[in-house]
Amino acid sequence: MSFQKIDELGHKLEALEHALAILGADEATHMAVGGGEKRAEAMSTLAGMYHRQASAPEIADWIAAAEAEPLSEEQETAVKEFKRNYTNLTCLPAEFVERQMNTRIRCEQLWRDLRAKNDWSGFLPALEGVVTLAREEAAMRSEVLGLGLYDAMIEQHDPGNRTAEISPVFAELKNFLKDFVPEALAVQEERLAKHPLKPLSGVYSIDKQRELGLAMMAAVGFDLSHGSLSISHHPFCGGVPSDVRITTRYRTTEFLSSLMGVLHETGHALYEQNLPKQWAHWPVGKARGMAVHESQSLFVEKQLGRNPAFWHWALPIVEKHLGETWSIDDIIPHVHRVERGLIRVDADEVTYPLHVILRYELEQDLIQGRLEAVDLPEAWDAKMREYLGLSTIDNPADGPMQDVHWAGGAFGYFPSYTLGAMMAAQQWAALTKEHPAADDDIARGDFTAVNQWRRDNIWSQGSRWSTPELLRRATGEKLNADHFIGHIRKRYGAA
């Protein structure tokens, strides 16, 4: 049977994916600086091996033959996703994939060193190399997939999502937020005038913060026997479903940014750990794109971690690990703090989407050749001034160098963050309609029903459906900005 050949191929590809994922996680956390060049060579060679095996010409014949075989429903679904994957893989020659992987890894390694030095001129040539290859990739994918250049890149991160649907929703959200940010700041100022912000009262060691993070991870459902927590320059969730690698970064002067980072990455990890294990070696058993992935991470960070009900349960755990005795009225102003800032990963719920929309607009221009990498600092500064009233013109480290994504060639990824936030709010609305006692459960530290809804509607589905279809099936409607806007108004607007 041709399906059996596809099934056997899936096991081989899964093994290569495993090796690449663990090498990548190690490279970002434990690898010595001097190991960078050889690690890049090793990963580019493995990426080439993977690409050659996954895009071999005979696979097209196997898929065509399998489509004519008597298959179960799940096997038919598996073949459809194998076919979609194969089409996307065969857009690019293996030689290009190896060259691109090497260029990306070396640029990421340079970024880790030069961002700390605010050295844009030193970083620019490497970034230009990544952008050049990204444009080549977009052109090759566009021709095969019949999509626009940027849509062809989005398809690699969010199958089914298109700029024609994303841009109007983002425009609506941007217009709302540009008016709502001043309102939220005014409401916050009024509340703080009545109840001044209680400052952090101590120094929090990394060891204690790590133990707090591990306790929270386990409580919300993370399986510590199949994952770990480390430190990196940029928080991420990597590895593989059987060995998930979460990272965060710490500040000893405060603990909330690290804890929120841990909760965010735990949301990613819960998705990975709960994907259908029987499909693990098939593309249909993988996560359904990054918008869905971000909806799972932001669900844990925002719908749970910034929910006052969560802190009724969490405060005693904070006290146990950090010796910090706070009341709910002390902590919520910190958890719900709204502030115009330069850094996306530190941004609050209200301003965060503007950081993402800025990047979404800029990277479209980069991929389509309307903007060159050398002009990014000025273009970034102009949008930052317009959207948040801040300037980064003399501070590229907190401007176009602040994220690892462009250094790593992940163009088309950024919209996933805000799409994910909107999807998370929509999932929360559907969940609480079905399970009205969700807040009461959370206040007791009981995440069973919440996780079961997510397992049934999102995690167990793998990649059976496109991103828009998965959301529709889970919530009963297509992406609707009203849920996110309503969530933000309720939490941060005038009472």
Side-chain angles (χ1 to χ4, degrees), residues 17-33 35-36 39-40 43 104-105 107-113 115-116 204-274 287 290 293-294 296-302 304-305 321 343-347 352 397 401-410 413-414 416-417 420:
E17 287 170 354
H18 188 124
L20 277 165
I22 298 302
L23 280 173
D26 177 82
E27 191 262 347
T29 52
H30 298 298
M31 186 193 75
V33 174
R39 181 61 57 88
M43 291 183 68
R104 287 173 170 178
I105 292 172
C107 188
E108 280 190 46
Q109 291 167 351
L110 197 63
W111 170 82
R112 291 192 194 106
D113 178 42
R115 187 199 171 205
Y204 309 104
S205 72
I206 289 174
D207 286 346
K208 288 183 177 179
Q209 288 192 61
R210 183 175 185 277
E211 289 303 315
L212 173 63
L214 288 168
M216 293 286 189
M217 287 162 60
V220 300
F222 184 85
D223 179 359
L224 290 168
S225 68
H226 287 91
S228 59
L229 175 63
S230 301
I231 297 174
S232 67
H233 290 267
H234 194 98
F236 69 85
C237 174
V240 293
S242 59
D243 183 8
V244 181
R245 306 294 179 92
I246 287 180
T247 72
T248 190
R249 55 190 179 194
Y250 297 99
R251 297 173 184 161
T252 56
T253 53
E254 57 88 27
F255 67 89
L256 270 179
S257 64
S258 172
L259 181 57
M260 288 301 168
V262 167
L263 289 172
H264 179 97
E265 302 307 336
T266 299
H268 284 305
L270 290 175
Y271 189 13
E272 290 291 324
Q273 289 184 337
N274 287 276
M290 293 316 303
H293 233 307
E294 290 301 334
Q296 299 312 289
S297 60
L298 290 167
F299 187 101
V300 174
E301 180 191 349
K302 312 295 188 183
L304 300 185
H321 287 277
I343 307 301
R344 175 186 62 85
V345 295
D346 293 335
Y352 188 97
M401 287 182 78
Q402 73 172 264
D403 298 297
V404 72
H405 303 62
W406 289 347
Y413 187 123
F414 273 121
S416 303
Y417 288 112

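All values below were derived from every heavy atom in this structure, side-chain atoms included, with hydrogens, water molecules and symmetry-related copies excluded.
Between Glu265 and Val244 there is no side-chain heavy-atom pair separated by less than 4.5 Å. Side-chain contact between Leu229 and Arg210 is present, with at least one heavy-atom pair separated by less than 4.5 Å. The closest side-chain heavy-atom distance from Arg115 to Gln402 is below 4.5 Å. Side chains of Tyr271 and Phe299 form no contact here, defined as non-hydrogen atoms less than 4.5 Å apart. Inter-residue side-chain proximity for Thr29 and Phe236 is flagged as met; some heavy-atom pair is nearer than 4.5 Å. Counting heavy atoms from C-beta on, the side chains of Gln209 and Glu254 never come closer than 4.5 Å. No side-chain heavy atom of His264 sits less than 4.5 Å from a side-chain heavy atom of Val300. Side chains of Asp243 and Ile22 form a contact here, defined as non-hydrogen atoms less than 4.5 Å apart.
Across Arg104, Glu27, Arg39, a single residue satisfies side-chain hydrogen bond (donor to acceptor under 3.5 Å, both in side chains) together with Gln109, and that is Glu27.
Scanning both residues, Leu298 and Gly420, for their nearest heavy atoms gives CD1-C, 3.8 Å. Across all their heavy atoms, Phe222 and Ser228 have their closest contact at CZ-N, 3.9 Å. Closest approach of Pro241 to Glu272, counting heavy atoms only: CB-O, 3.3 Å. Shown here for Ser416 and Met290, the closest heavy-atom pair between the two residues is OG-CB, 3.4 Å. Here the closest heavy-atom approach between residue Ala21 and residue Val240 is recorded as CB-CG1, 3.8 Å. Heavy-atom minimum distance, Ala25 versus Gly239: CB-N, 4.3 Å.
For His321 and Phe255, the distance between ring centers is not under 6.0 angstrom.
Side chains of His226 and Ser242: no donor on one and acceptor on the other come within 3.5 Å.
Here the CG-CE distance, from Leu212 to Met217, works out to 11.5 Å after rounding to the nearest 0.5 Å. The CD atom of Gln273 sits 7.5 Å away from the OG atom of Ser225 when rounded to the nearest 0.5 Å. Leu304 contributes atom CG, which lies 12.0 Å from atom NZ of Lys302 (distance to the nearest 0.5 angstrom). In this structure, Glu301 CD and Glu294 CD are separated by 9.5 Å, a value rounded to the nearest 0.5 Å. Annotation: the span from Tyr204 atom OH to Leu259 atom CG amounts to 12.0 Å, rounded to 0.5 Å. Separation of atoms SG (Cys107) and CH2 (Trp406) is listed at 12.5 Å; rounding is to 0.5 Å.
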- Message: For Gln296 and Asn274: C-alpha separation, side-chain torsions, deciding distance, then whether side-chain contact (heavy atoms from CB on, under 4.5 Å) applies.
- Response: CA-CA 12 Å; Gln296 299 312 289; Asn274 287 276; over 6 Å; no
- Task: Start with the C-alpha distance between Ile231 and Ile206, add both sets of side-chain angles, then the distance that settles side-chain contact (heavy atoms from CB on, under 4.5 Å), and finish with yes or no.
- Result: CA-CA 10 Å; Ile231 297 174; Ile206 289 174; 4.2 Å; yes
- side-chain contact (heavy atoms from CB on, under 4.5 Å) between His30 and Ser230, intermediate numbers included: CA-CA 9 Å; His30 298 298; Ser230 301; 3.9 Å; yes
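The side-chain tip of Arg344 points at the ring of Tyr417 from less than 6.0 angstrom away and within 45° of straight on.
For the pair Glu108 and Arg112, the salt-bridge criterion is met [side-chain N within less than 4.0 Å of a carboxylate O].
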